[in-house]
Number of protein chains: 2
Amino acid sequence: MPRSVDVARLAGVSQKTVSRVLNNEQYVSTEVRQRVLAAAEQLGYRLNNAARALASGRSRSIGVVSLGTALYGPASLLMGIERAVRDAGYALRVVNTVEGDPSGIAGAVESLLEQGVDGIVISEPIDEGAEPVRADVPVLVLGAPLPFSAPRVVTAGVGSDELARAATEHLLDLGHATVHHVAGPQRWYAARERLGAWRGALTARGLVGPPVVEGDWSAASGYAAGRRLASDDDVTAVFAANDDMAIGVIRALMEAGRRVPDDVSVAGFDDIPVAAYVTPPLTTVRQPFDAVATAGLQLLVHAIEQPHEDLPPAADHPVELVVRASTAPPPRTTPGRGRATSR
Amino acid sequence: MPRSVDVARLAGVSQKTVSRVLNNEQYVSTEVRQRVLAAAEQLGYRLNNAARALASGRSRSIGVVSLGTALYGPASLLMGIERAVRDAGYALRVVNTVEGDPSGIAGAVESLLEQGVDGIVISEPIDEGAEPVRADVPVLVLGAPLPFSAPRVVTAGVGSDELARAATEHLLDLGHATVHHVAGPQRWYAARERLGAWRGALTARGLVGPPVVEGDWSAASGYAAGRRLASDDDVTAVFAANDDMAIGVIRALMEAGRRVPDDVSVAGFDDIPVAAYVTPPLTTVRQPFDAVATAGLQLLVHAIEQPHEDLPPAADHPVELVVRASTAPPPRTTPGRGRATSR
DNA sequence: TTGAAAGCGCTAACAC
DNA sequence: GTGTTAGCGCTTTCAA
């Protein structure tokens, strides 16, 4: 493998000049630059990043701690982060946390620190007892204000709350007396946030939320929740914390003889790729993963490269409610419902 | 930040001995080892990987080139790779290729090489004109025998072909005269492989495959394909190259008044999380992502660490056909079908 | 079983 | 504009 001295020799310059060219520094004449580039090309020279990192104290890489799941939300966010990291000119290192792992986020952060990353992204954290983690590089927490000890912790909301509120309000606006909620596992911040926003939307209209059914994001858990909800005639509107659970809920309702949306409206969360093609097409909200990743990484890179300047303000992301055929006004008459017929 | 000399000083040993302990080398007395470990702990010492990589010429990291998509298949495979890499004691670096990017896989490989990875995984490659890529480290190609120039190229099939064959045969076994195929984009190796296996299954029974409809993995493209297939009364069985497209096909068939599975059977591919809960529950095949990733990485790590020994044989993965309610025998009488009634 | 010395290939600071 | 001189913090000889 050729080294920079070899390039220097071939180009007839000093090794430092090669370094200057490769780092796009100023004060190099165009002619020398050309010569160096040509020599590097000719030799098939490739910069050694380990040496560069050792000498400079920076690795030009960012580490991301993510959940080891192919669930649509987390996977989409990870893809967004990868793109944003690459666009920012950094390399990406990934460590997943395993659910139930005692070392959890702290262990993952530690392993990234050992690898020498310049910054860390924590994607959609879940509570593992959350002993506060210590990091000596800037940290971006996506989707939760995690207690964190680092020189600069920046957080960027993913807008879950506004989206959950919009979904709930959509159902209320259709005329439903209340909205039931099938929540995600409450160890996930994302699940708690959606639950809170749902409750907030009800409270704002003077309503008290009915008991919550908690699922685990899976369609199977949505199905189980749906069976319970189906037996209650008062249920006319359900907001599920993700689309998979919503689809499970719908299946359970249909099997119980309750039509969707005629008898019961169901709204989901995420807008997964098949949402528009299931029966009935699912009303849901779309998370702006790419925008969130881009905005969050801007903050992180700023914290890395301008450690002493203030952070630019975080941008807001638009709320995208996608209304399809799984939501409708509540049934006008409610056969077999004691309360309704007696009125 | 403390360095290994600091640990050495505190433990009263040489810096080299600290290095020995941290690398779990032999020839260190238990007592010294304890002392060093304690000193490291006390100082909050963290090994500097850049320095280690520079000195040793190895980074203990593996790079993966993957598609920047949250599609269930690629995302699941990536998660499997992450786990397998971590289990093998390596760090993971990720670079996505952007569809349509001219530099494509070659550019991604180049950027990983610059980062100094010890090995590279190419996950589910697609053809971008595929100028053969050159790498000076072992390369694992998952899901395609890509032309590749590297000291050791190992490939591990993901078993797509057997699974696609199983799905097709399942439909034939139910009594269908033939099986139509909604293929994935043919630039993807995975799509070509499934197409080939479907055709092979038909050929094995002396059948000639009907014209193929090509989609782009999306439910929308499946829906478009479904509309075309719905107008043809001869269609009684459809095998779609992924579940999303299968769901789109089903929706189009139902809208056209053709019942699934009574009139037309539809099988998918992947077993996405909602497959069991859509209407009707989808018959599909399940890909063994985790097993494939584990087996593939074993090969890669072997090629990295024992460059001169032969590779162990690749393991076969079990075929998992998941039969649900979207497939059934063909209709016995076919009202309105000219050919059938005239017989 | 332990230690001393010599780099790995680059960037940083300063000189010219 | 360009070159010189020191390291960055480890691992690798080799010697004891």
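Within every chain, numbering begins at 1; the chains are lettered A, B, ... in the order of the sequence lines, protein sequences first and strands thereafter.
- At the heavy-atom level, B:V5 lies nowhere under 4.0 Å from the strands shown.
- Regarding A:R46, its CZ atom lies at a distance of 15 Å from the C1' atom of C:dG9, rounded to whole Å.
- Contact annotation for B:Q26: no contact, since no heavy-atom pair falls under 4.0 Å across all strands.
- One can place CZ of B:R9 at 14 Å from P of C:dG3, the figure rounded to the nearest angstrom.
- The distance from atom CZ of A:R3 to atom P of C:dC8 is 6 Å, rounded to the nearest whole Å.
- Under a 3.5 Å cut-off, the side chain of A:D118 and the backbone N or O of A:R60 do form a donor-acceptor pair.
- In this structure, CG of B:N48 is placed 17 Å from P of C:dG9, rounded to the nearest angstrom.
- Between the side chain of B:T294 and the backbone N or O of B:D290, at least one donor-acceptor pair lies under 3.5 Å.
- Note that the first and last nucleotides of DNA chain D, 5' to 3', having any atom under 4.0 angstrom from a heavy atom of chain A are D:dG1 to D:dG9.
- Comparing B:V13 and A:A55 by the nucleotide of DNA chain C whose heavy atom lies nearest to each, the residue mapping closer to the 5' end is B:V13.
- Exactly one of B:N96, B:L77, B:T97 qualifies for a side-chain contact (heavy atoms from CB on, under 4.5 Å) with B:S66. That residue is B:N96.
- OP1 or OP2 of C:dC10 lies within a sub-4.0 Å distance of a side-chain N or O belonging to A:Y45.
- On a pure distance criterion of 3.5 Å, a polar donor-acceptor pair joins the side chain of A:K16 and the base of C:dA12.
- Within the 3.5 Å criterion, the main-chain N or O of B:A91 finds no donor-acceptor partner in the side chain of A:R93.
- Residues A:V109 and A:A135 come closest through the heavy atom pair CG1-CB, 4.2 Å.
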For residues 299-312 of chain B, tabulate all N or O donor-acceptor pairs below 3.5 Å that involve a side-chain atom, not counting sequence neighbours.
| residue | atom | partner | partner atom | Å |
| --- | --- | --- | --- | --- |
| B:H302 | NE2 | B:D310 | O | 2.9 |
| B:E305 | OE2 | B:Y90 | OH | 2.7 |

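- A salt bridge between A:R134 and A:E110 is absent, with no side-chain N of the basic residue lying under 4.0 Å from a carboxylate O of the acidic one.
- OP1 or OP2 of C:dT11 has not a single side-chain nitrogen or oxygen of A:S56 nearer than 4.0 Å.
- The phosphate of C:dT2 (OP1 or OP2) has a side-chain N or O of B:S29 nearer than 4.0 angstrom.
- Straight-line distance from the CG atom of B:L22 to the C1' atom of C:dT2: 16 Å, rounded to whole Å.
- Spacing between atom CD of B:E114 and atom P of C:dC10 amounts to 11 Å, rounded to whole angstrom units.
- Following rounding to the nearest Å, A:Y27 (OH) and C:dA15 (C1') show an atom-to-atom distance of 16 Å.
- In this structure, the CZ atom of A:R20 is 11 Å from the C1' atom of C:dT11, given to the nearest Å.
- Residue contacts shown for A:N49 are absent, as no nucleic acid heavy atom lies under 4.0 Å away.
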